[in-house]
4 protein chains.
Amino acid sequence: MHVAPLDPERDRAILDATMELLSEVGFDRMTVDQIAKRAKASKATIYRRWAGKPELVVDVICRRFDMDLPPGEDTGSLRGDLAALFRGLCESVERKHTLVIGLSSTLVSNQELARTLRAHMPAKDLGEVGALLERAVERGELAGPVDPGRLFGVAKALVWHRMIFTGPPIGEPFVAESVDGVLMPLVRAWAG
Amino acid sequence: MHVAPLDPERDRAILDATMELLSEVGFDRMTVDQIAKRAKASKATIYRRWAGKPELVVDVICRRFDMDLPPGEDTGSLRGDLAALFRGLCESVERKHTLVIGLSSTLVSNQELARTLRAHMPAKDLGEVGALLERAVERGELAGPVDPGRLFGVAKALVWHRMIFTGPPIGEPFVAESVDGVLMPLVRAWAG
Amino acid sequence: MHVAPLDPERDRAILDATMELLSEVGFDRMTVDQIAKRAKASKATIYRRWAGKPELVVDVICRRFDMDLPPGEDTGSLRGDLAALFRGLCESVERKHTLVIGLSSTLVSNQELARTLRAHMPAKDLGEVGALLERAVERGELAGPVDPGRLFGVAKALVWHRMIFTGPPIGEPFVAESVDGVLMPLVRAWAG
Amino acid sequence: MHVAPLDPERDRAILDATMELLSEVGFDRMTVDQIAKRAKASKATIYRRWAGKPELVVDVICRRFDMDLPPGEDTGSLRGDLAALFRGLCESVERKHTLVIGLSSTLVSNQELARTLRAHMPAKDLGEVGALLERAVERGELAGPVDPGRLFGVAKALVWHRMIFTGPPIGEPFVAESVDGVLMPLVRAWAG
DNA sequence: AGTTAAGCGAGACGGTACGTCTCGTCTTCGT
DNA sequence: ACGAAGACGAGACGTACCGTCTCGCTTAACT
């Protein structure tokens with residue numbers, strides 16, 4: 001007996017619509033009807049694939065939520081490399097923050113979702129940051145080695161704080177202020 | 001003729017219950033019946049005061065959301081003062097973070113709420129931080145003046161980032177790491 | 001020590017307002033707040049006097065609604081007198097059946113109230129009916145004396161049954177059918 | 001396009017639950033939420049079918065409450081047959097008078113509903129009464145034929161009047177008084 | 001004249017039920 | 001398998017009314 005396979009094209013349309021809506025209105029205010037409508041699908045098609053709304057959202061996170069930053073080019077100076085890194089981080093967070101925020105209140109009372117999300121969060125290759133710092137040492141811009149994790153942690157904190165309490169868009173002034181006012185003084189201090 | 005005023009005691013009970021529930025389950029999952037039950041009030045009493053759930057929550061934010069830190073004592077050293085400040089900030093954020101998170105997804109699609117919340121966020125008397133820094137200059141721990149707003153901004157960013165992505169409780173190790181690893185190097189760098 | 005008596009003026013205002021509203025909107029749609037407002041009284045003043053809405057309305061019926069039938073004229077024949085009596089009864093019941101029906105569900109579970117109402121229901125001076133029957137005996141239309149209470153009881157039953165299960169208005173055909181079909185045969189049989 | 005029809009299985013569950021609750025707690029104390037809960041239905045499902053509680057109850061009465069009197073046995077005498085009939089009527093009315101009374105105030109302002117209910121009220125097979133009367137004629141107890149509808153109408157009036165203004169229980173004295181004092185004289189008079 | 005217990009209008013209050021609505025999920029049709 | 005449509009359970013929403021309570025004010029004996 002022939003069994004028609006579930007059309008992968010429909011999967012994508014539904015996942016896309018779900019991610020958009022998650023960002024726009026959050027988990028609770030997002031309805032399955034909205035998803036169906038935006039994906040030009042019927043609710044039956046959704047329920048044929050996923051057991052329910054939470055399962056769909058978990059799948060969205062697993063498949064679509066990659067915080068990869070673009071590889072940082074060598075700009076020739078620590079200041080430039082740091083600014084490029086920070087700018088990339090801003091863009092990445094800007095793209096995902098509404099999704100994270102949309103999910104956040106649900107996470108408090110939904111451990112399953114919280115675990116899944118956390119498992120897909122780090123994603124950033126710290127080697128990138130390490131390389132950036134080593135280049136600076138070689139150039140003589142830094143007196144000694146610096147822990148890349150610590151630096152990236154502060155950078156993330158600055159970006160998320162800005163995003164949550166001021167909201168997008170993030171402009172160049174914020175990048176300059178953060179790099180010149182915080183990150184540069186900090187790495188210099190850490191380097192010795 | 002006497003006109004019975006709305007009992008302020010009821011206001012408080014309702015606002016308290018609302019704030020608790022906001023923290024526990026978030027805006028969307030919080031129901032008016034839950035609020036009424038917890039406040040030992042009837043729904044009529046709530047609707048006599050506020051036009052609906054959103055209006056009530058806006059009021060909660062306006063009246064109850066004060067991030068006042070306890071006054072920072074002089075501990076005799078910059079490091080001690082900074083640690084005390086940071087610890088107070090952690091406690092304050094720890095108290096409010098579930099509320100903010102509970103509201104956050106709503107804020108995305110509710111500008112009214114977002115604006116109100118933001119207007120009531122700073123609340124921190126920066127004079128406190130300023131005094132702390134001046135004491136350090138007088139003691140000779142810092143070479144020059146430092147912008148208290150900038151320092152407080154970084155501190156807030158660290159605390160909120162930690163709270164959102166790791167969650168409570170915040171322990172002494174995080175305080176030590178933040179003060180010694182970030183704040184102290186930074187103020188020293190800024191002070192010249 | 002002085003004890004202030006309940007002001008009878010307030011009684012009247014409340015009873016008046018109640019009667020007006022009863023005829024304007026009926027028992028169910030009339031609220032105690034409306035009564036209070038119209039009587040320029042407070043609900044406390046009402047509840048100080050009556051245990052509830054049904055009790056108040058029963059009192060209204062008792063005091064304001066005496067089921068006085070118009071005095072039955074001598075029409076010259078038993079049939080005519082009976083028809084006049086029955087017609088008067090119909091009108092009387094038609095005027096207040098809505099009230100009694102509105103109360104009925106309360107009466108079922110409140111025997112006290114039911115008894116009170118019942119005590120004021122007949123209101124009809126049975127002497128009237130007795131006189132009617134005596135005239136018939138004198139005229140030679142009846143062979144002997146008849147219990148007026150029994151006759152009136154059957155008449156009431158016919159009218160109320162009709163009112164409840166068919167509703168107003170009551171027309172002349174019903175009067176004729178009742179008098180000729182039931183009451184006349186019955187009194188003749190009773191008279192021996 | 002397909003249109004899902006209302007599931008008749010749900011109809012039954014709701015009607016059953018309603019009838020149970022009606023007999024357990026009565027019309028007034030029965031809430032729509034209780035019905036929904038017991039029928040494992042949602043209120044929406046109920047309100048999709050009926051406009052409100054009264055309409056639902058009328059439907060219950062119409063579908064589930066046929067006023068069938070127990071078949072009247074031949075007791076050997078007109079007086080005995082009449083008494084048996086009247087007793088059966090009393091029991092039947094006693095069983096459902098609370099229901100009708102609970103509805104009565106709604107019926108006053110809802111002619112549509114009143115008509116529906118009325119159409120399902122008699123339900124009594126008048127053939128029964130007719131047979132009873134014919135037996136009496138055959139026995140020689142009655143001089144001629146009698147209209148069974150007219151007799152039954154008077155009987156109903158007596159019972160309902162008693163029920164509404166005196167309430168249950170109805171005892172044997174009332175039966176005796178009604179049969180001997182009203183019904184017997186009446187049929188004899190009608191029979192000529 | 002002053003005291004004082006009560007009545008009074010106003011209206012807030014807790015409670016309960018209502019009828020409406022939205023939403024997640026399931027089911028059926030016709031393509 | 002898919003879209004369209006909509007029934008269903010669950011349960012929140014905002015409204016209405018009930019009967020109770022508290023508030024300040026007034027009234028009319030009794031001091």
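Each chain gets a letter, A, B and so on, in the order its sequence line appears, and its residues count up from 1. Since the structure is predicted, the reported quantities are computational estimates derived from the model, not experimental observations. These numbers come from the heavy atoms of this one structure, side chains and all, not from hydrogens, waters or symmetry mates.
We find that CZ of B/R29 is positioned 12 Å from P of F/dG11, with the value rounded to whole Å. Residue C/M30 contributes atom CE, which lies 13 Å from atom C1' of F/dC18 at whole-angstrom precision. We find that CG of D/D11 is positioned 12 Å from C1' of F/dA7, with the value rounded to whole Å. In this structure, CD1 of C/I46 is placed 14 Å from C1' of E/dG7, rounded to the nearest angstrom. If you measure from atom CG of B/D7 to atom P of F/dG24, you get 12 Å, rounded to the nearest angstrom. In this structure, CD1 of C/I14 is placed 12 Å from C1' of E/dG7, rounded to the nearest angstrom. At whole-Å resolution of the value, NZ in C/K43 and C1' in E/dG9 are 13 Å apart. Distance CZ (C/R12) to P (E/dG7): 19 Å, rounded to an integer number of Å.
For the pair D/V32 and B/S42, both in contact range of DNA chain E, the more 5′-proximal nearest nucleotide belongs to B/S42. Nearest-nucleotide positions on DNA chain F for C/R48 and D/R48 put D/R48 closer to the 5' end. The nearest heavy atom of DNA chain E to D/T31 and to A/D33 marks one nucleotide each, and the one closer to the 5' end goes with D/T31.
Using a 4.0 Å heavy-atom cutoff across all strands shown, C/R49 reaches sugar-phosphate atoms only and no base atom. Among the atoms of the strands shown, only primed sugar atoms or phosphate atoms (P, OP1, OP2) are found under 4.0 Å from some heavy atom of A/A41. Residue contacts for B/K40: at a heavy-atom cut-off of 4.0 Å it reaches the sugar-phosphate backbone alone, with no base atom in range. Counting non-hydrogen atoms under 4.0 angstrom, D/R10 reaches the backbone sugars and phosphates but no base. Using a 4.0 Å heavy-atom distance criterion, C/A44 is classed as a base contact.
Of the possible donor and acceptor atoms, none in the side chain of C/R38 sits under 3.5 Å from a partner among the backbone N and O of C/D16. Side-chain atoms of D/K40 never come within 3.5 Å of backbone atoms of D/A13 as a donor-acceptor pair (strictly under, hydrogens ignored).
Regarding contacts with the backbone of F/dC18, a side-chain N or O of C/K53 is found under 4.0 angstrom from either OP1 or OP2. OP1 or OP2 of E/dG9 lies within a sub-4.0 Å distance of a side-chain N or O belonging to C/T45. In this structure, C/Y47 reaches the F/dG19 phosphate: one of its side-chain N or O atoms is under 4.0 Å from OP1 or OP2.
With E/dG7, E/dA12, F/dT15 as the candidates, the nucleotide lying closest to the side chain of B/L6 is E/dA12.
Electrostatic pairing of D/D59 and D/R49 does not count as a salt bridge here, judged by no charged N lying under 4.0 Å from a carboxylate O.
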